Q: 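Handing you a structure now.
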Amino acid sequence: MLSVVRRTPVWGGAKLWQRNRDAVIRAWKVEIGGLFMEPFILLVAMGFGLGSYVGNIGDLTYAQFLAPGIIASYAMFHATFDATYGAYMRMESHHIFDAMLFTPMEPQDIVMGEVMWGATRAVISAAAVLFAATLFGLITSPLALLTLPVAYLIGAVFAAMAMILTATATTIGAMNNFFTLFLLPMFYVSGTFFPLDRLPDLAQKIAWALPLTPAASLVRGLATGELTPWMLAWTAELIAFAAVSLFVASHFMRKRLIK
Amino acid sequence: MERKTVIRAERIVKRYDGFTAVDGVDFEILQGECFGFLGPNGAGKTSTMKMIACVSPLTSGGITVSGMDVRRRARDIKRILGVVSQADSLDPDLDVLHNLLAFARYFDIPKEAARRRAREGLDLFQLLDKRGSRVEELSGGMRRRLLIARSLINDPDILVLDEPTTGLDPQARLMVWDKLSLLKSQGITMLLTTHYMDEAAYLCDRLVVMDHGKILAQGTPRQLIRSLVGDLVVEIKVRHAEKPALIARIESARSGARVEDRADTLLMYPENGSISLDGMGLDGFDVVHRPANLEDVFLRLTGRGLREE
């Protein structure tokens, strides 16, 4: 039984997860600033600064509308940063993945470990924003606590997609396009800053096919306590994104590492 | 006593996009021996190591490690191997001790045992004082020692060392040799690639000389030297301008020795261990008799062309 468990990527991935945790704990002073300060500033500037000109969206003040979007988006950013730049450094500059392959670890374990780690960073970031948003009185439902497991799923989706890029990138510069051409546009049109129903029909369809839209909607539903059956579909969409990306990333990582 | 074969390679071939790195190589490595792969850059040594360590698939042929097929039992094989790669793959985000502990985790070694083994390894490689240091603070020699200590964390049956002393200063090399010969005396099987002849002569029980993906010769260092270059070498220091005349004089003496021209030195390899230098007009030249060594074997087999990395 144990020997079967030991061959699953989650088992091997947990080792890489622990390694990344140990590395972050050693460097916590560097890490802590980015984690809390940036979403905090965004919340104050956009939510209260911009929000005072915008007025309400449905029953929500602009800041209340914005906060769940920030939770989802920052879960996305934190997971992606680590699984792109962070993982690429570990792989190419420090040869850490090469060293792991000299142990019973295999490429699929490495991908799984980085995805689990990205998901964990997403949860930590979501917890930080949730805490700040709660202090500002922007969270109206105790169901908001469920945004933490949802953030794990969001982090897994984006970390897995990022690992496809990491496994195939030939330079670290290749990561930049992923941010400027994919993540940032998605950040602006996935219901983070304004409701999607103002967009043209086609744009809405595209937005819903991208993972941040269901992610943000899911978090908003939980933070405001307005549940809909659609949430199940959104969850399923995110799980599908994560599973397919994990599979594809593992394939490319094997091709890259085992030559 | 007949020793067991622990690694068997049969007709192994490795091709990368049209380039053949290993071209049909056979060898058997016995339990407890130190087996060397000697060869210039690009000879196929590292590719061979990687196939044994299950981090590079074979194009054709077969390798078994302790009876297990590298194609089907990679994880099980990797459990009994310790690998020191050429590239420095220490973890810069962790301190010295945690480099070993993280590695122990990859092998599923329980925490207590991991701490004990890490301590033993640091002690053996004289790194105990450095256990809390960042990896970047270590010297080249210390980093290499830590890499070897890390490769021993799982108490491997077989240690695979890819150029373990390349880039080290003489003191650091000697210390690494010292530790490796200690490990050898404890019965661990070792595979070693190197392009240092003295290293191969010092550590290896048997070795193969490789070039262009093929094995050119194999045997014990003594056998190789005897059969390929003989026991004795005569070295004559000579200025460039005087060289052609000297070579002509040596050839006309018909000693039967093979003559090789190496920069400012002529080397004579006598056929049966002795030679008379009479009639070669060597008065006034700096002439040295020395025992033949692996370097002579190596140059004999691989020629003198420079290799690009």
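Only a predicted model underlies this, so the values are computations on that prediction, with no experimental measurement involved.
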Q: What's the spacing between B/His98 NE2 and A/Gln18 CD if we round to 0.5 Å?
A: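 Going from NE2 on B/His98 over to CD on A/Gln18, the span is 11.0 Å.
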
Q: Donor-acceptor pair, A/Arg26 side chain versus B/Asp93 backbone, under 3.5 Å?
A: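 Yes; judged by distance alone, with no hydrogens or angles, the pair exists.
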
Q: How long is the straight-line distance from CG of A/Asp22 back to CG of B/Leu94, given to the nearest 0.5 Å?
A: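 Those atoms lie 6.0 Å apart.
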
Q: Would you give the length of the straight line joining atom NE2 of A/His94 to atom CG of B/Asp88, rounded to the nearest 0.5 angstrom?
A: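 It comes to 10.0 Å.
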
Q: Which atoms of B/Ile77 are under 4.5 Å from chain A, going by heavy atoms: the side chain, the backbone, both sets, or neither?
A: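 Neither the backbone nor the side chain of B/Ile77 comes within 4.5 Å of chain A.
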
Q: Could you grab the distance from atom OH of B/Tyr106 to atom CG of A/Leu16, nearest 0.5 Å is fine?
A: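 Reported to 0.5 Å precision, the distance equals 6.0 Å.
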
Q: To the nearest 0.5 Å, what is the distance between CG (A/Asp98) and OG (B/Ser85)?
A: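 Rounded to the nearest 0.5 Å, the CG-OG separation comes out at 7.5 Å.
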
Q: Which answer fits B/Asp108, side chain, backbone, both or neither, if we ask what part of it has an atom under 4.5 Å from a heavy atom of chain A?
A: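 Contact with chain A is through both the backbone and side chain of B/Asp108.
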
Q: Examine whether an atom of A/Arg19 lies under 4.5 Å from a heavy atom of chain B, and if so say whether it belongs to the side chain, the backbone or both; otherwise answer neither.
A: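 Both parts, heavy atoms under 4.5 Å.
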
Q: Pick one of side chain, backbone, both or neither for B/Lys50, based on which atoms fall under 4.5 Å of a heavy atom in chain A.
A: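 Looking at B/Lys50, nothing touches chain A.
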
Q: What's the separation between atom CE in A/Met105 and atom CZ in B/Phe107, rounded to the nearest 0.5 Å?
A: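 The CZ atom of B/Phe107 is 10.5 Å from CE of A/Met105, to the nearest 0.5 Å.
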
Q: What part of A/Leu257 gets closer than 4.5 Å to chain B, counting heavy atoms only: side chain, backbone, both or neither?
A: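 Just its backbone gets close to chain B.
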
Q: Any idea which of B/Ala53, B/Pro57, B/Ser47, B/Cys54 has the most non-hydrogen atom pairs under 4.5 angstrom with chain A?
A: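 The option with the most such pairs is B/Pro57.
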
Q: Could you tell me which portion of A/Asn20 (side chain, backbone, both or neither) has an atom closer than 4.5 angstrom to a non-hydrogen atom of chain B?
A: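 Contact with chain B: none, neither part.
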
Q: Dump the intermediate steps for side-chain contact (heavy atoms from CB on, under 4.5 Å) on B/Leu81 and A/Phe102, then the final yes or no.
A: CA-CA 8 Å; B/Leu81 291 186; A/Phe102 293 136; over 6 Å; no

